[in-house]
Each structure stands twice: as C-alpha cells, then as structure tokens.
Amino acid sequence: MLSQLRIIRVCCGRVKKISQMGILIVSLITLQAYADQKQLYIYNWSDYMGPETISQFEQKTGIKVTYDTFNSNEELDTYLMTQPPKYDLVAPTSNFLVKQIDAKIFQPLDKTKLPAYDKNLDSKMLKMLAQDDPGNQYSFPYMWVSTGIGYNIDEINKRFDNNPPTNSWALIFEPENASKLAECGIAWLEAPSELFPLALNYIGLNPNSADPEEYVKVAKLLNNVSPYVKYIDSTSLIDDLASGKVCVAIGWSGDVYQAMDKANQLHNGTRIDYVIPKEGTFASFDVFAIPQTAKNVDEAYQFLNYLLDPKVIADISNYIYYANPNQVATQFVDSNLTQDSDIYPPDEVLDNLFTLTPKSPRIERTIKRAWADILETRSLAHLSNEIN
Ligand code: N2P
C-alpha cells in the first residue's frame with residue numbers, strides 16, 4: 001500500500017501534464033469542429049415559425065441555426081439602420097423594405113440559386129410585392145398578413161346588449177365604445193406605422209397620406225381613446241385573448257387565430273373571433289432578405305430553398321395560421337385555413353385591401369412625436385386611475 005502511494009506521488013507530476021495535454025487536444029478538436037460547423041443566423045418575427053421547422057432544417061443540412069425574434073418593424077428597422085446586422089436572413093414587412101433597400105442594407109437575390117422560385121411562388125403576390133421591391137430583386141415573400149380586430153365574442157356581446165359594432169373600427173376608435181371595453185381589456189399593437197394608417201382610413205382619409213396635418217388629426221383620435229387601452233404590446237395578445245385577460249385587440253390575422261387555438265386547448269369556454277372591419281384594412285407581406293453583411297450566404301439560400309418546399313411552408317402556415325404565397329403548397333394547407341377569406345383572401349377581398357407605402361422622413365417624425373404623446377396620455381391616465 002505504502003509503496004503504491006509512493007509510485008503515484010513520484011509519477012503524479014507527469015500524470016498531471018499528460019492529462020492537461022489531453023484536455024488541450026480535446027478542446028482543440030472541439031473548437032475545430034465548431035469552426036467547421038456551418039452556421040445560419042435568422043432574425044424573424046416572434047410566433048412566426050413552425051415548432052419543428054428549424055430543428056428539421058438543422059437535421060437535414062447539418063447547419064446550426066441561431067434563431068432570434070423581434071416584435072415590430074420599428075424594432076427591426078432601428079436595428080438594421082444603426083449597426084451592421086449579424087444575421088444572414090431578416091424578415092421586414094415589404095413597406096419597410098423600401099427604405100432599407102435604399103440604404104443598401106440588402107444584397108440582391110440570386111434567383112439561379114432558388115430553382116423553385118418562379119414555379120412555386122404565386123405571380124400575383126410577387127407582382128404586389130414588386131410595388132415595394134421593383135423586380136422582386138431583394139425580397140423573398142414569406143407570409144401574407146392582414147391587421148384586424150380579434151375579440152372575445154361573449155365578453156363583447158355582454159357589453160353591447162348582444163349587438164356589438166364589431167364590423168367597424170369604431171369599436172376601437174370611438175371613446176363611447178372603447179370606454180365600455182376598458183374594464184375587460186383592450187390591447188393595441190405596438191406598431192404606430194400601422195395604427196396611424198388604420199385611423200386615417202377610418203376617418204375617410206388616405207391611409208398613406210403625405211400631409212402631416214392629417215396625422216395630427218388622427219393623433220387626437222388615438223389620444224382620446226388611449227386611456228381606455230390596457231396595454232400596447234404586439235405579442236401578449238395571443239395568450240391574453242385566449243385566457244380572457246383582454247377582450248379585444250388590434251391584431252395580426254394569424255396571431256388572433258393562434259389565440260383561438262390556445263383558447264380551445266385551454267378548454268376555458270373562451271370564444272374568439274377575428275374580423276376585417278367594413279372600412280377595410282391593409283395587406284402586408286413579410287419577406288426574407290439577405291443583408292450585405294451576411295457571412296453565411298450559401299446557408300441562407302439553403303434555408304430559402306427549404307421554405308420553397310411546399311410541405312415545409314404548408315406546415316408553417318398550418319401552425320401559425322398565416323397565408324403563404326407558395327401556390328403549390330396550398331394543397332397541403334388545412335382546408336379550414338384556405339377556405340377562410342380572412343386568412344386566404346379570395347381575389348375580391350384582396351382587391352379591397354390597401355397596402356402601405358413608405359413614409360417620408362417628415363411624416364415619420366410626425367408619427368414618432370405623436371406616438372410618444374399618445375403613450376404619455378395613456379400612462380398619465382392609468383397613473384391617475386391608480387391614485388384615485
Ligand atoms: C407574427 C407577427 C406577424 C407579423 N407573430 C406582422 N407583420
């Protein structure tokens with residue numbers, strides 16, 4: 001025993017050295033493997049991907065995906081305009097894309113690397129998108145969105161003697177209606193770039209107005225109803241409509257449908273509906289684009305080709321409840337989605353929806369200031385409610 005201990009003591013200096021070298025070699029091998037591992041950095045909207053889409057892509061290609069999310073065009077735009085993006089694919093809405101293309105943030109898409117692009121993508125959708133991206137040079141269409149009203153059928157009926165004005169934006173924009181809903185909870189999207197055009201359109205003005213005075217006018221309208229708004233946030237409404245924490249929300253089509261789905265899973269009896277009010281709304285396209293600074297361009301194309309696969313994109317639509325522009329995929333999309341005119345709009349509905357155009361810097365400034373006022377009015381009103 002004693003002699004064994006002595007041998008270990010004599011040799012332990014060397015044992016230590018050998019084991020340190022072993023760790024070093026293993027670490028170097030690991031580092032090399034990491035360096036060889038293909039990577040892809042994606043920045044997309046929250047709640048906007050299938051639950052297994054990314055992991056299946058990783059398994060299929062061996063590419064490691066870093067997938068981050070944002071909640072508004074404003075957030076993505078600020079990121080893109082203030083630093084060289086670290087992502088290989090980002091997903092702006094097409095009206096925001098215009099300014100970003102001008103700022104030379106994106107590289108043109110090489111369509112020869114996207115063999116199914118022309119065959120699979122709906123030419124009508126591409127044409128609409130070409131209004132923002134002439135020649136569809138930079139953008140790869142991902143999903144089609146409308147902005148409407150999501151509401152809790154029973155809670156709203158209760159407050160309007162079973163005759164709620166859900167077919168009109170008046171439900172949201174008129175103080176006499178909003179005041180009735182304040183207690184059961186109104187949520188707004190945190191998207192001034194959408195709320196101002198909706199309010200302009202509601203009062204009969206051009207939703208793409210270039211007149212700052214008109215924005216001041218609708219700012220008053222939004223200001224008047226803002227004290228009744230429970231919160232301004234673009235992501236919580238999925239859970240909160242489902243659980244009954246809010247009873248009405250300005251929301252994106254698929255998100256409201258996701259809320260319906262959640263409510264069904266909760267078995268809490270909450271019935272939710274989505275409506276495009278009679279005054280209309282706008283259609284927007286969320287697209288993928290590759291920044292100039294992307295380091296993993298081949299991998300970005302592999303992902304776009306993966307999205308062109310009809311079954312892959314259909315699975316995403318089936319999960320997030322948004323319409324995709326892949327015409328070959330429609331056969332794989334659940335028929336309750338494709339037959340729902342709020343999700344897959346037939347031509348006559350599509351023709352009635354307007355699109356948003358980019359704003360001049362002057363209008364952008366006006367919106368920014370007016371929005372800050374609206375947020376303040378709302379916070380002050382909430383504060384004084386808490387005090388009283
Ligand atoms: C998904 C958000 C839809 C994007 N949660 C609206 N442009």
Side-chain angles (χ1 to χ4, degrees), residues 42-51 53-54 67-80 87 89-100 125 128-129 131-133 139-150 187-198 207-208 231-242 246 249-263 272 274 276 281-289 307 313 315-325 333 337 340 342-345 350 353-359 367:
I42 301 177
Y43 201 28
N44 190 16
W45 293 82
S46 49
D47 304 302
Y48 218 30
M49 191 52 76
T53 312
I54 299 294
Y67 184 83
D68 293 332
T69 58
F70 57 87
N71 299 326
S72 71
N73 273 307
E74 286 79 355
E75 186 183 342
L76 173 64
D77 193 59
T78 307
Y79 171 72
L80 293 175
Y87 296 96
L89 283 169
V90 299
T93 303
S94 66
N95 58 311
F96 271 75
L97 186 81
V98 179
K99 199 176 83 181
Q100 295 157 0
M125 297 280 174
M128 282 180 83
L129 192 51
Q131 292 168 15
D132 291 331
D133 174 15
S139 60
F140 177 99
Y142 177 55
M143 291 286 159
W144 181 94
V145 179
S146 71
T147 304
I149 301 176
W188 280 3
L189 289 172
E190 195 180 4
S193 54
E194 300 193 15
L195 263 58
F196 279 80
L198 285 175
N208 288 309
Y231 62 71
I232 301 178
D233 171 315
S234 303
T235 52
S236 311
L237 71 98
I238 299 180
D239 283 342
D240 292 352
L241 267 177
V246 296
I250 303 181
W252 293 308
S253 44
D255 286 14
V256 176
Y257 281 79
Q258 288 179 45
M260 288 179 203
D261 194 33
K262 280 215 164 136
I272 296 166
Y274 175 77
I276 294 179
T281 190
F282 52 88
S284 51
F285 291 94
D286 294 325
V287 302
F288 275 111
L307 290 183
I313 197 75
D315 277 353
I316 302 175
S317 281
N318 287 337
Y319 185 75
I320 62 172
Y321 297 97
Y322 284 96
N324 69 71
V333 177
L337 263 79
D340 188 324
D342 287 333
I343 301 183
Y344 268 82
L350 204 57
L353 303 180
F354 54 89
T355 51
L356 297 181
T357 57
K359 309 277 168 286
I367 292 181

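Not measured: the values here are computed from a predicted model. Just follow the structure's listing: the first ligand is 1, and inside any ligand the first atom is 1.
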### Sub-3.5 Å N/O-N/O distance, Glu194 and ligand 1
no
### Message
I'd like to check whether Tyr48 has a polar contact with ligand 1, where a contact means an N/O of the residue lying under 3.5 Å from an N/O of the ligand.
### Response
no
### Task
Over 60° means perpendicular and under 30° means parallel, so classify the ring planes of Tyr48 and Tyr322, tilted if in between.
perpendicular
### Query
Is the side chain of Glu190 donor-acceptor paired with the backbone N or O of Ser72 at a distance under 3.5 Å, no angle test?
no
Nearest-contact summary for [atom] - protein heavy atom, Å:
atom                   : value
atom 3 (C) of ligand 1 : Tyr322 OH, 3.5 Å
atom 2 (C) of ligand 1 : Trp252 CE3, 3.6 Å
atom 5 (N) of ligand 1 : Ser46 O, 2.7 Å

### Message
On a heavy-atom basis, I'd like to know which of Asp286, Asp47, Thr69, Thr147 is closest to atom 4 (C) of ligand 1.
### Response
Asp286
### Task
I would like to know whether Tyr274 and Tyr321 meet side chain to side chain contact (heavy atoms under 4.5 Å, CB included); could you show each step before the answer?
CA-CA 12 Å; Tyr274 175 77; Tyr321 297 97; over 6 Å; no
### Query
Side chain or backbone of Ser284 under 4.0 Å from ligand 1, or both, or neither, by non-hydrogen atoms?
neither
### Task
For Thr93 and Asp286, test the side chains for any donor-to-acceptor distance below 3.5 angstrom and give the result as yes or no.
yes
### Message
Are there over 12 heavy-atom neighbours, none belonging to Phe70, within less than 6.0 Å of that residue's CZ?
### Response
yes
#### Entry: Subset of ligand 1 atoms that lie under 4.0 Å from at least one heavy atom of Thr93
7 (N)
### Residues in side chain to side chain contact (heavy atoms under 4.5 Å, CB included) contact with Asp340, at least two apart in sequence or another chain
Tyr257, Asp342, Ile343
